[in-house]
Amino acid sequence: MGKREGIAFGFLVLLSGVAGLKEPRLFQPQSIESVLLWMPLITVVAMGQLLVILTGGIDLSIGSILGFSGIGVGLVLKANPHLPLPIVFLAGLAIGLALGAFNAAVIVWGKISPLIVTIGTLAAFRGLTFILSKGDQIDSSMIPDSLTVLAHSGITIAHVTLSWLLILALTIALITFATLGFTTFGRNVFALGSNADAARLRGISSGSVQFAVYAICGALAGLAGVMYASRFGFVNPGSAGSSFELTVIAAVAIGGTKLTGGSGSVLGVLLGCLLLSCINVFLSLLGIDANYQMLTYGLVILIAILTDAAARRGKA
Amino acid sequence: GKGSTETASSPEASGSPAATGEKVKVVFIPKNTGNPYFTQVAKGFESSAASLGIDFNTQAPATGDATSQLEVIKNQVQGGANVIVISANSPDALNEALDQAKEKGVEVITVDSDLTGNESHRDAAVLPTDFSKIGPAQLELLAKTMNYEGEFAILSATTDAPNQNAWIEGMKTAMKNPTYAKMKLVEIVYGDDEPQKSSTEAEGLLTKHPNLRGILSPTSVGLAATAQVLENSGLYPGGPKATGRPGIVLTGLSTPNQMKKAVAKGVVASFQLWDPADMGTIAAYLGAKKMKVKPGDTFEIPGKGKFTVGEKNVIYAGSLLTFDKTNIDKYDF
Amino acid sequence: MKDRPIVPAVLLVIGTILASRLSPHFLDIHYLLDTSTLYAETGLMALAMTFVIISGNIDLSVGSNLVLTACLSAKLLAAGWGIPSVVVAACLMGTCFGAINGWLVAKLKLPSFLVTLGTMAIYRGIAQAMLGPASVKLPKAFTGLDQLLWFKIPVPFLIFLFATLVTGLILHRTVFGRWVFSIGTSERASTYSGLPVDRTKIIVFALSGLMCGIGALLIDSRLGVARHDLARGIELDVITVVVVGGAAITGGKGSTLGTVLALFLVMLVRTAMGVANVKAEYQLTVIGGLLILAVLAGNLGQLFNRRSAARR
Amino acid sequence: MTKGLRAAGITISFGGIDVVAGVDIKLRSGEIHALVGENGAGKSSLAKAIAGVYRPRLGSLELNGVGVKFRNPREALDAGVALIHQEPITFPDLSVAENIFAGHHLRCGPFVRWSATLARSRELLESLGVALDPASPVAGLSVAARQQVELASALSHDATVWIFDETTAPLTPKEVAELFTVMRRLRDQGCALLIVTHHLQEVFAIADRITVLRDGKKVAEKTVAESNEDEIVRLMVGRELSLERHEAREAGEELLVTRGLCGPGFRDIDLTVRCGEIVGLAGLVGAGRTELARALFGITRPTAGRMLLEGQEVQVASPRTALRLGISLVPEDRLHEGLLLPQSIAVNSTLAYLARLCNGGWLHQKNIHAETNKYAARFRLACRNTDQAVSELSGGNQQKVVLAKWLMTQPKLLILDEPTRGVDVGAKSEVHRIIRELAQEGMAVLMISSDLPEVLHLSDRIAVMREGRIVAQLNGAEATEEQIMFAATGQQGAALG
Ligand SMILES: Nc1ncnc2c1ncn2[C@@H]1O[C@H](COP(=O)(O)OP(=O)(O)OP(=O)(O)O)[C@@H](O)[C@H]1O
Ligand SMILES: Nc1ncnc2c1ncn2[C@@H]1O[C@H](COP(=O)(O)OP(=O)(O)OP(=O)(O)O)[C@@H](O)[C@H]1O
Ligand SMILES: [Mg+2]
Ligand SMILES: [Mg+2]
């Protein structure tokens with residue numbers, strides 16, 4: 001664990017401590033499960049976003065990809081309610097991969113800034129989601145129990161259930177960790193983000209690295225679409241994944257990732273996701289007045305950033 | 001549609017389209033696109049559009065933000081709409097825009113969501129049913145399943161949703177009735193009509209109130225999310241975790257399609273709503289005739305019945321339907 | 001500075017021709033001018049965002065700043081303040097909220113994305129905490145500025161044009177503007193050149209805040225009410241406009257003219273589709289696709305040029 | 001069939017202008033070939049064309065008698081052609097070891113072999129005599145250190161053709177000597193080497209053959225044996241250069257005085273610079289000279305000690321304060337600290353002086369261009385016009401822009417950190433002349449340079465730093481290279497390789 005991760009972790013412990021003083025039930029298995037239920041979606045998408053941000057790019061379209069995949073998979077399930085689960089997940093992954101590959105193609109071959117491309121597809125994919133769904137939502141009756149059950153059953157340790165979704169998310173985090181730390185592809189991701197010119201001169205194909213990260217990011221957002229259906233039991237073409245991009249980028253950034261690329265860690269991002277999950281669950285558990293929740297949320301995020309900055313200064 | 005012969009003969013009818021024999025252009029502006037509830041409202045329009053001889057069109061903003069409808073209103077006025085039927089995203093942010101439309105001779109009717117407190121900015125309102133009755137009816141539905149005793153909580157949409165707040169007020173008033181003396185409203189939480197937030201709030205309720213017996217969610221996203229949370233926790237009556245205790249009952253407002261599974265599983269015994277299409281039918285009629293209504297007026301829609309214009313030009317479309325295992329499969333919306 | 005925003009200009013012309021074919025109601029100058037009032041706030045904030053983005057930063061809090069200032073101004077008016085003093089107060093408040101962002105970014109060396117992500121929630125959060133579900137009505141004397149015409153041009157549009165002129169001159173014709181470009185190109189080299197880097201950043205964010213303040217007055221006047229949930233998501237519109245106008249999100253590149261043309265382009269596309277009854281879902285798809293195409297068109301020329309020259 | 005690399009008729013154009021026109025060059029195995037020429041002559045461009053960075057418009061390459069075409073640097077490396085760039089191009093966020101192996105990681109399937117990477121890096125760095133920890137990050141290393149990391153990276157390839165583009169420029173004699181050992185070893189192993197440099201004594205110390213470029217054309221190819229420095233200089237610049245001798249000047253008032261100044265990288269600095277005096281600051285790479293200069297200019301804060309300017313105690317809190325006090329610094333790292341690469345020459349050269357050049361805050365284009373043109377002419381800047389982007393200039397010409405920027409501010413104290421790194425002989429003598437003129441007019445100059453002849457040639461006084469301290473102060477007229485190197489290394493007999 002690096003210094004920055006340590007700080008993020010410390011902040012998290014402090015936050016939980018303070019909140020726990022006010023509401024001891026925070027440490028009940030139920031509350032912990034609530035936090036853990038918040039995690040999977042954001043974690044999976046954040047891993048993709050981490051890859052993208054490490055290369056110095058950004059993907060704002062993930063929320064719309066999530067929605068599109070959720071609807072797409074929902075329609076598939078509506079037609080074939082008995083589809084085996086692995087195929088359902090693969091379908092989500094494939095839909096996401098296709099949309100991500102579209103982003104990638106435009107960014108790499110069109111040489112357009114990722115921000116512009118994904119602002120564009122943020123709107124376009126959402127529009128396509130509406131068109132695909134014909135404006136109807138995927139209701140709970142179209143989503144089989146075998147899928148929804150994954151959100152609340154899993155491995156139980158000390159009365160706390162780690163849902164299958166969480167386990168899937170953590171597995172993906174682990175794979176990302178291994179990929180980034182130990183494969184040449186992962187190292188090329190860092191190299192590209194650290195200095196794109198140098199990467200080119202060293203013979204790293206920035207095009208294929210970029211293509212891969214946006215495609216993977218899309219695929220993971222697509223997977224998250226299936227997880228969304230599993231977690232909430234319905235998918236609305238308008239609200240599924242909407243504004244998710246800011247939450248995810250916040251998690252990645254709070255986890256100490258440099259937004260200009262080249263530096264960041266999976267552990268840090270996991271902590272960022274955990275921090276956001278905690279804030280959201282605590283807001284509800286502490287019974288903070290609904291009208292004060294946004295203010296509190298903003299303040300906590302700002303304090304987290306300031307803590308990180310103060311700690312970095314202390315080091316320097 | 002030059003050949004249209006059906007023209008409004010009502011004395012209140014006005015405006016050029018009728019005079020020139022052109023079809024009345026009616027546009028419906030829902031809160032946002034992709035919302036199944038408003039799809040159903042639009043069906044009401046569509047089913048009567050042909051017989052009324054109106055040129056009907058739905059134009060939704062992409063998001064349900066307070067100001068997202070402004071642009072749609074301006075564009076529709078420019079596009080020659082004669083009647084704007086709108087489910088307002090905000091009770092007052094549209095005031096100025098609607099006034100400008102009215103100045104240009106456009107009739108403004110609100111459906112489902114009125115401009116509460118700003119009624120002068122529209123000509124008429126078509127509301128699902130008498131709002132003062134929804135709160136008590138919901139409470140009664142919940143109370144019955146709770147055996148009129150125990151703690152319950154409300155999961156609403158946003159803090160500033162006028163309809164929600166009106167209904168919750170109605171419930172609070174009804175709570176004074178001695179029938180509900182043994183019931184206690186422990187908390188009102190807001191899920192912002194987001195699945196994520198609604199789920200977290202519902203989970204929070206279960207944790208914070210170990211003696212909770214009931215949850216009431218008069219919003220479809222909230223009800224669906226809470227149903228999923230209850231199902232997962234197994235705390236619903238007869239659920240795996242509810243052994244030796246009565247379980248937590250859940251009810252609220254939602255469309256039948258969204259709740260079919262939860263009802264089948266017994267997570268939700270019963271819930272309520274009206275048929276949103278009724279509002280569409282009535283608004284289409286009012287629009288087609290370009291009626292300038294005033295309180296006390298009555299009119300009859302063939303096949304629908306007689307309607308009376310109430311205070312502040314409000315027209316109630318119908319009555320509350322209660323859905324449960326026995327009847328839910330008869331509905332498809 | 002050298003690269004002129006040709007692409008938005010060309011698209012604007014093509015778009016206008018197409019739009020007038022799409023709907024007979026579109027090409028109506030009064031209507032277009034009237035519609036422009038809906039975009040006045042976006043436009044003002046985009047003018048300042050051009051500075052912010054050229055300086056290598058981003059301001060996500062503009063929408064929240066706008067709303068908070070709008071609510072506070074409405075409160076002041078309701079409390080009986082006179083209109084002139086509220087106008088001054090709104091400008092000051094907006095500037096101040098912007099300067100807070102700038103101070104955090106410049107003095108504490110925090111990434112602007114994170115800072116303004118935080119203040120985005122905080123500013124709107126304050127508005128919500130202050131007003132709750134209620135809305136503040138504005139006095140009649142204050143409303144309807146968007147309907148006020150001066151030589152048939154709505155006042156908000158005039159304000160926007162005036163702001164364009166002023167900010168354009170500052171950005172492209174003054175030493176300060178040059179500093180903004182320099183800092184965005186290389187903050188380190190600018191520091192070594194003795195430029196007032198921190199002060200410039202704070203001013204840039206304060207300017208962004210000032211535009212939010214002016215925008216707040218416009219939106220108050222236009223809607224007649226102030227609530228905490230207005231102008232949600234407007235920051236993305238603002239950033240889109242600036243980026244389509246040719247500003248590089250990495251800093252050092254962009255122009256006022258580009259931003260203005262891009263604003264007109266976005267306005268044109270939305271309005272044209274709206275008046276032609278294109279459904280929201282198709283509108284979204286088309287707008288998203290057009291955005292990409294617009295930039296792609298600009299790049300095609302470059303790609304072509306590059307091919308013919310020696311490759312780096 | 002000859003072993004080695006042959007480039008024939010290489011022509012490279014930018015925007016329709018041929019910056020290299022029909023150059024033939026032959027790099028033979030077991031031979032060190034020097035490429036010399038003025039700034040902007042096209043040396044780096046030619047080197048890049050050979051190594052697959054640029055694709056030449058015309059011309060062909062032949063490696064060991066077989067025709068080759070490199071579409072990118074990767075293909076060149078795979079074929080055994082390695083280029084060490086003029087400006088070190090590194091990944092600041094990555095470790096030294098990873099910088100060495102980025103792009104060609106030691107791997108096992110898709111996985112990186114980390115321990116092998118670290119071990120190999122350590123070996124490579126040791127073979128270069130560099131004491132850098134392979135696990136440490138590259139961010140924060142000096143230009144010289146980064147240059148050595150890049151060198152190590154190149155050496156990690158099994159290349160047979162090596163191109164060193166001004167690799168010695170930021171290095172002090174000790175490091176240069178080590179580098180020469182490496183070059184000789186490569187040559188003896190049968191590699192073909194091309195070195196680009198502006199130091200002709202280096203050429204004559206190590207090269208076997210010399211090619212001279214002028215304005216993109218090859219003007220001569222000579223063996224070292226049949227030529228001499230004067231001839232090469234004449235061929236390069238196309239005119240006679242008068243190398244003025246050092247003349248003693250009368251030093252004026254004390255301008256800068258430091259007493260016990262400490263800070264990151266330096267300690268107990270007692271230094272005095274008088275008006276009209278040029279003080280040279282010598283030392284090895286990493287001696288802390290740059291750090292001292294930064295502190296004097298207000299980039300970093302001294303932790304202890306006093307600094308007096310014209311007798312007044314001053315706190316230099318920022319470069320801005322420094323500028324107001326009349327202190328200017330020509331920084332060492334021109335790419336990151338000196339220039340706004342995508343911006344024009346005019347923008348860059350007037351950046352520090354802009355506020356004074358344009359009164360009232362309005363840009364005064366006429367003044368800006370007049371001032372820029374003045375300096376462009378004075379430095380013989382090779383450019384299309386002053387609106388050309390600095391990124392398109394050759395390394396030496398970029399350095400001239402940086403110099404122009406700081407001379408415009410007319411400081412009282414001018415601190416120069418490697419002012420002539422990458423500057424050709426002609427321009428260098430021009431820069432020297434200007435520095436001397438400025439001193440004559442009463443400016444105090446503190447010059448950091450790793451180029452000992454330059455230090456000896458210009459300085460009235462020479463301070464030598466070692467491990468953050470000033471270990472010797474020598475009289476400029478009497479000092480010798482041996483004395484300086486002795487003080488800098490603390491051991492006898494260290495000298496040029
Ligand atoms: N990317 C580019 N675009 C346009 N012109 C360029 C570009 N790169 C180099 N040039 C021009 O090509 C000419 C040769 O540049 P090059 O870098 O090869 O010179 P050099 O001989 O290495 O000089 P130096 O000794 O200063 O390093 C210069 O006039 C330079 O301005
Ligand atoms: N080659 C190197 N090996 C080890 N450390 C180095 C090297 N180069 C720089 N450093 C680090 O940088 C610090 C100071 O470097 P600085 O750049 O100030 O020295 P310098 O004398 O100016 O060298 P240069 O000749 O590169 O200008 C040293 O204390 C050391 O920690
Ligand atoms: Mg060169
Ligand atoms: Mg140095």
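Below, chain A is the first sequence line, B the second, and so on; all start at residue 1.
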Residues C:Val275, B:Gln76; criterion side chain to side chain contact (heavy atoms under 4.5 Å, CB included); working and verdict
CA-CA 6 Å; C:Val275 81; B:Gln76 289 306 321; over 6 Å; no
Which bit of B:Ser90 is near chain C, if near means a heavy-atom gap under 4.5 Å: side chain, backbone, both or neither?
side chain
If I measure from the heavy atoms of chain C, does B:Thr33 come under 4.5 Å with its side chain, its backbone, both, or neither?
side chain
Measuring heavy-atom distances to chain B, does C:Ala231 have an atom under 4.5 Å in its side chain, in its backbone, in both, or in neither?
backbone
Using atom types as modelled and distance alone, determine if a side-chain donor or acceptor of B:Lys74 lies under 3.5 Å from a backbone N or O of C:Leu38.
no
Residue pairs passing the side chain to side chain donor-acceptor pair (under 3.5 Å) test where at least one lies in residues 232-243 of chain C, sequence neighbours excluded
C:Asp237-C:Arg270
Distance col, row C:Ile234:CD1 vs B:Thr67:OG1, nearest 0.5 angstrom, shows 7.5 Å
Which heavy-atom pair separates B:Pro61 from C:Ala280 by the least distance, and what is that distance?
C-CB, 4.1 Å
Is there a donor-acceptor contact under 3.5 Å from the side chain of B:Gln59 to the main chain of C:Val278?
yes
Is it the backbone or the side chain of B:Gln78 that comes under 4.5 Å from a heavy atom of chain C, or both, or neither?
both
Per-residue contacts, residues 120-127 of chain C versus chain B, heavy atoms under 4.5 Å
none
Any chance you could measure B:Glu71, atom CD, to C:Gln283, atom CD, to the nearest 0.5 Å?
7.5 Å
Counting only non-hydrogen atoms closer than 4.5 Å, does B:Pro162 touch chain C with its backbone (N, CA, C, O), its side chain (CB onward), both, or neither?
neither
Would a 4.5 Å heavy-atom cut-off, applied to side chains only, mark C:Thr143 and B:Glu96 as touching?
yes
Do you know the tightest heavy-atom contact between B:Asn75 and C:Gly274?
ND2-CA, 3.5 Å
Please identify, among C:Thr35, C:Asp34, C:Leu230, the residue contributing the most non-hydrogen atom pairs under 4.5 Å to chain B.
C:Asp34
Okay, B:Asp92 and chain C: the region with an atom under 4.5 Å from a heavy atom over there is both
Looking only at heavy atoms and a cut-off of under 4.5 Å, which of B:Ala93, B:Pro91, B:Ala60 has the most pairs with chain C?
B:Ala93
Out of B:Asp99, B:Asp65, B:Asn32, B:Asn95, return the one with the most heavy atom pairs under 4.5 angstrom to chain C.
B:Asp65
Side-chain heavy atoms of B:Asn118 within contact of C:Val225, under 4.5 Å
no
